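Note on naming: letters A, B, ... go to the chains in the order of the sequence lines (proteins, then strands), and numbering restarts at 1 for each one. Computed from a prediction, not measured in an experiment: that's the story for all the values here.
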Amino acid sequence: MEYDFKSIEQKWQGVWEKEKICEAVDFSDKPKFYGLIEFPYPSGNGLHVGHLRAFTSIEIIARKRRLEGFNVLFPIGFDAFGLPTENYAMQTGKHPRVVTDDNIATFTRQLKAFGYSFDYSRVVDTTDKDYYKWTQWIFIQLFKRGLAYKSKAYVNYCEKCKVILANEESQGGVCDRCGSAVIQREKNVWFLKIRDYAEKLLDGLNDVDYLPRVKTEQINWIGKSQGAEIDFKVKGGVVPDAKIRVFTTRADTLFGVTFMVIAPEHPFISENEKNIRNMREIEDYRAETKKKNEFERTRVNKDKTGVRLDGVSAVNPVNGREIPVFISDYVTLDYGTGAVMAVPAHDTRDYEFAKKFGLDIIEVISGGDISKEAYTDINGGVLINSDFLNGRSVKDALKKITARLTEKGLGNVKVNYNMKDWAFNRQRYWGEPIPIVYCEKCGAVPVPESELPLVLPPLDSYKQTENGESPLANVESFVNCKCPVCGAPAKRETDTMPQWAGSSWYYLRYIDPKNDKALADFEKLKYFGPVDWYNGGMEHVTRHLIYSRFWNHFLYDIGAVPFKEPYKKRTAQGLVLGENGVKMSKSLGNVVSPDSLIKEAGADVLRLYIMFMGDYESPVPWSNASISGCRRFLDRVYNLLTLTDGNEGYSKKHTTLINRLIKKVGEDIEAMKFNTAIAAMMAFINEIYSDGYISKGELKAFLLLLYPFVPHLAEELNERLGYDTILAKSAYPKYDEKNLEDSAFELPVQINGKLKGTVIVEKDADLAAVKAAVLGNPSLSALLTDIKKEIYIPKKIINFIV
RNA sequence: GCCGGUGUGGUGGAAUGGCAGACGCGCUGGACUCAAAAUCCAGUGUACGCGAGUACGUGUCGGUUCGAGUCCGACCACCGGCACCA
């Protein structure tokens with residue numbers, strides 16, 4: 001018999017709401033558990049099956065924790081600023097506020113239909129002025145401490161979206177949003193000094209329980225490298241004893257330097273224009289470089305190009321060798337010092353460059369064949385042609401040379417990071433206004449905190465200005481203001497913050513969502529924080545996850561937050577692919593809509609299926625056909641009522657079975673092995689059906705295990721069993737160690753390592769007993785004529801060598 | 001190039017060094033039905049065999065072990081991240 005999911009699901013959603021089982025309590029005596037999912041961007045398309053996979057895991061954990069006696073904070077909110085909404089507003093003329101509210105309403109309806117046990121009394125919306133007041137406040141704190149600064153810089157720019165992109169948003173030279181190629185543009189840009197926090201972000205990873213691949217990606221992204229800065233004197237420059245500083249991780253190869261390469265934008269060039277004889281050629285090359293976008297410029301294995309600076313040369317500080325100086329686009333200004341000492345014998349890029357320009361190649365480490373290629377192995381040979389370093393290993397030489405350079409004041413130890421500062425402004429309307437005022441006399445001045453929030457004014461048009469400024473630049477009443485310091489007429493910053501701003505601290509606001517005195521009450525932060533378990537997508541690991549860790553460390557440093565690391569544990573779900581095994585996308589027509597699914601199958605079936613479909617961390621294709629297996633399973637569970645007797649205990653036959661199930665399901669949930677937890681429950685039910693009965697106590701325990709996955713049906717059956725207490729207020733079942741094993745079991749028997757049969761033995765049987773059992777089996781004993789050796793692993797296997 | 005990960009039936013996927021393929025889908029046969037759907041029962045890695053069974057089988061090749069999907073070494077393929085990062 002099929003059960004009627006529609007009425008059951010509605011009924012129980014109502015009961016939970018009435019009983020407030022989803023609401024977290026401030027300062028409860030119970031231990032707290034803070035479970036978090038990445039809050040969605042409320043797009044016009046509504047909820048996606050990817051959301052379901054991401055949310056259902058922590059939903060299951062949260063429901064389980066409540067049964068385990070925790071005061072659970074499991075909140076939901078909306079990351080609602082952003083381009084799609086603004087574009088939609090532009091097309092339709094609707095205000096982004098209206099569009100956002102509509103979308104949030106749709107999302108909320110869908111989320112509730114799935115029975116997610118979010119605490120809806122703490123909903124956070126990043127576009128609410130009472131929320132972004134605090135986003136702006138954080139920006140001002142960063143600004144006051146010199147961690148937000150404005151400078152002219154070449155930035156990633158998307159011509160289609162007309163916005164500056166952070167490096168994190170333009171990976172691979174492609175715009176995160178629209179997929180078009182990113183170009184380089186010189187712009188006035190607000191940066192946040194995330195680089196200053198590189199070391200803290202690395203260190204902090206030691207204190208948290210993140211998936212290894214999450215940690216690895218962040219470590220790669222930060223890209224720490226230990227090296228040295230070395231000064232090379234310049235001959236022929238405008239200033240007689242000028243120096244160019246290079247950064248290298250291979251100071252050991254210093255005797256192999258045969259030329260120097262500096263970035264085309266290196267300030268040395270303009271400072272020494274007078275003395276560079278081929279300035280026109282240099283200018284041409286610089287112009288070429290500017291045209292290239294960053295992706296083109298940094299593409300690997302591109303032909304090396306460059307121009308020598310005629311009239312100047314550099315001097316190797318250790319041997320006085322005079323070397324030519326080149327500009328080339330393979331050296332960039334934003335890493336290290338924008339200048340490198342070239343060692344063609346032991347660096348692939350320098351090697352190519354030297355070959356192309358016919359430059360000397362001096363081998364200083366033995367072991368390779370530098371007539372063919374650069375020798376870059378640092379564990380291989382020893383130093384040669386290197387004076388006092390000769391005969392040393394690379395590691396040894398590195399220490400020695402670094403010490404020598406430091407001692408003589410020619411260089412110093414230096415750590416560099418690949419991670420760039422965070423480009424933080426967008427020329428758009430639907431974002432948090434950057435709370436800065438420009439005064440001719442006082443410069444850039446923050447808006448006084450008492451005047452926050454700085455609210456977005458209404459607009460007639462969301463189009464950017466002719467020269468690509470934010471639409472806010474058209475609103476005179478917004479732009480013109482008084483300097484908060486001197487009172488003179490001043491102008492406001494018209495750029496807004498990137499979408500990543502609001503999401504960088506939302507987990508804090510959930511703890512105290514209505515506070516108007518602080519971003520959250522410090523005592524409440526102490527009680528609920530940090531997040532115990534955070535689940536989200538791998539695509540956010542080098543974006544949102546790193547940004548929010550940065551902000552949290554900063555807020556900790558200024559005393560606004562009582563913990564350094566925001567998330568104790570971080571897991572990630574795999575992608576949900578289309579039925580054809582490729583990424584779901586509208587253009588491929590393989591998108592699955594939750595709305596129609598829930599009508600056909602119901603929330604419980606879908607929740608179960610999405611957790612059953614495969615390994616949680618791996619990508620997995622959607623399969624409409626497979627959903628029916630979950631439906632059948634739940635129908636079978638529903639029909640268990642007909643097999644139940646009134647016995648509150650466990651039957652003798654099922655005691656081991658149910659104890660094992662409790663252990664298995666509980667452990668699998670904690671390990672996010674939801675698919676095998678469900679498989680175990682299915683196997684249990686199959687067993688029950690083949691036995692033809694289940695006691696009331698067994699069914700109750702089973703329903704509690706099922707409840708986190710399939711809460712509506714579990715509640716319904718619990719009620720029909722005659723229990724007054726709803727499952728949501730019950731306790732999670734416990735297993736008894738003593739009852740995990742049957743007294744007798746089937747032991748596999750191998751002969752010469754090959755399986756030949758099984759025998760039934762007591763679980764504590766000794767070798768003699770097992771042997772007796774094997775010999776008692778005629779087909780096995782026939783094979784055991786000449787036993788040379790016996791290997792018996794109790795409870796596992798016995799192997800005879802004959 | 002560097003750093004991760006993965007490779008198992010028709011299919012999604014299970015297996016602390018100990019019975020490979022749990023559980024689900026699909027498929028085949030049967031029951032119920034006038035019939036179909038639903039449901040229930042049985043079967044379902046490959047090859048050979050009427051059969052009990054035998055041999056082979058977790059990307060490839062080798063090794064360790066009484067015993068390897070699992071550990072080690074070499075390789076192949078695919079996926080993800082980083083990348084002229086000095």
Regarding [X], tell me which of base, sugar-phosphate or nothing describes its non-hydrogen contacts under 4.0 Å with the strands shown.
| X | result |
| --- | --- |
| P619(A) | sugar-phosphate |
| I801(A) | sugar-phosphate |
| E790(A) | nothing |

Determine the interatomic distance between [atom1] on [N] and the same-named atom on [M]; round to the nearest Å.
| N | M | atom1 | answer |
| --- | --- | --- | --- |
| rC32(B) | rG45(B) | C1' | 32 Å |
| rC3(B) | rG12(B) | C1' | 30 Å |
| rU58(B) | rU70(B) | P | 9 Å |
| rG10(B) | rU44(B) | P | 15 Å |
| rG29(B) | rA38(B) | P | 15 Å |
| rA31(B) | rA14(B) | P | 37 Å |
| rG13(B) | rG63(B) | P | 33 Å |
| rU11(B) | rC82(B) | C1' | 35 Å |

Output yes when at least one side-chain N/O atom of [X] is less than 4.0 Å from OP1 or OP2 of [N], else no.
| X | N | value |
| --- | --- | --- |
| R349(A) | rC85(B) | yes |
| K583(A) | rC79(B) | no |
| R632(A) | rG26(B) | yes |
| N686(A) | rG24(B) | yes |
| S225(A) | rA86(B) | yes |

5′-ward residue of the pair K664(A)/G753(A) relative to RNA chain B: K664(A)
Y616(A) or D347(A), whichever maps to the more 5' nucleotide of RNA chain B: Y616(A)
Given [options], which nucleotide is nearest the side-chain atoms of [X]?
| X | options | result |
| --- | --- | --- |
| D329(A) | rC40(B), rC23(B), rC84(B) | rC84(B) |
| K789(A) | rC66(B), rC85(B), rG24(B) | rC66(B) |
| V340(A) | rA86(B), rG81(B), rC19(B) | rA86(B) |
| L755(A) | rC19(B), rU39(B), rC66(B) | rC19(B) |
| F247(A) | rG26(B), rG24(B), rA86(B) | rA86(B) |
| T676(A) | rG24(B), rA22(B), rC66(B) | rA22(B) |
| V620(A) | rA86(B), rC19(B), rG13(B) | rG13(B) |
| N675(A) | rA14(B), rU54(B), rC56(B) | rA14(B) |
| P748(A) | rC66(B), rG13(B), rC19(B) | rC19(B) |
| S626(A) | rC40(B), rC84(B), rG24(B) | rG24(B) |

What is the distance from [atom1] of [X] to [atom2] of [N], rounded to the nearest Å?
| X | N | atom1 | atom2 | result |
| --- | --- | --- | --- | --- |
| L643(A) | rC40(B) | CG | C1' | 13 Å |
| F674(A) | rG24(B) | CZ | P | 20 Å |
| I244(A) | rA86(B) | CD1 | C1' | 15 Å |
| Q218(A) | rG4(B) | CD | C1' | 15 Å |
| K754(A) | rA55(B) | NZ | C1' | 8 Å |
| R543(A) | rG80(B) | CZ | C1' | 13 Å |
| D615(A) | rG24(B) | CG | P | 19 Å |
| Y689(A) | rC41(B) | OH | C1' | 15 Å |

Base-pair map of RNA chain B as dot-bracket, where | denotes pairing with a different strand and pairs are Watson-Crick or G-U under 3.5 Å: (((((((..(((.....[....)))((((((.......))))))((((....))))..(((((..]....))))))))))))....
Stacked cation flag R549(A) on Y197(A), 6.0 angstrom / 45 deg: no
NZ or CZ of K795(A) within 45° of F745(A) ring axis and under 6.0 Å: no
Torsion-based syn/anti label for rG9(B), 90° from 0 as limit: syn
Residue pairs passing the side chain to side chain donor-acceptor pair (under 3.5 Å) test where at least one lies in residues 678-689 of chain A, sequence neighbours excluded: R636(A)-N686(A)
Heavy-atom check, side chain of L545(A) versus side chain of Y210(A), under 4.5 Å: yes
Is [X] salt-bridged to [Y], cutoff N-O under 4.0 Å?
| X | Y | result |
| --- | --- | --- |
| R245(A) | D231(A) | yes |
| E617(A) | K673(A) | no |
| K663(A) | E737(A) | no |
| E790(A) | K771(A) | yes |

Shortest non-hydrogen separation from R53(A) to G614(A) and the atoms involved: NH2-O, 4.1 Å
Closest non-hydrogen atom pair, I365(A) against H346(A): N-NE2, 3.1 Å
Check: D329(A)/T289(A) side-chain N/O donor and acceptor closer than 3.5 Å: no
hbond_proxy Q750(A) side chain to rG18(B) base (donor-acceptor, 3.5 Å cutoff): yes
Check: rC82(B) base within 3.5 Å donor-acceptor of N220(A) side chain: no
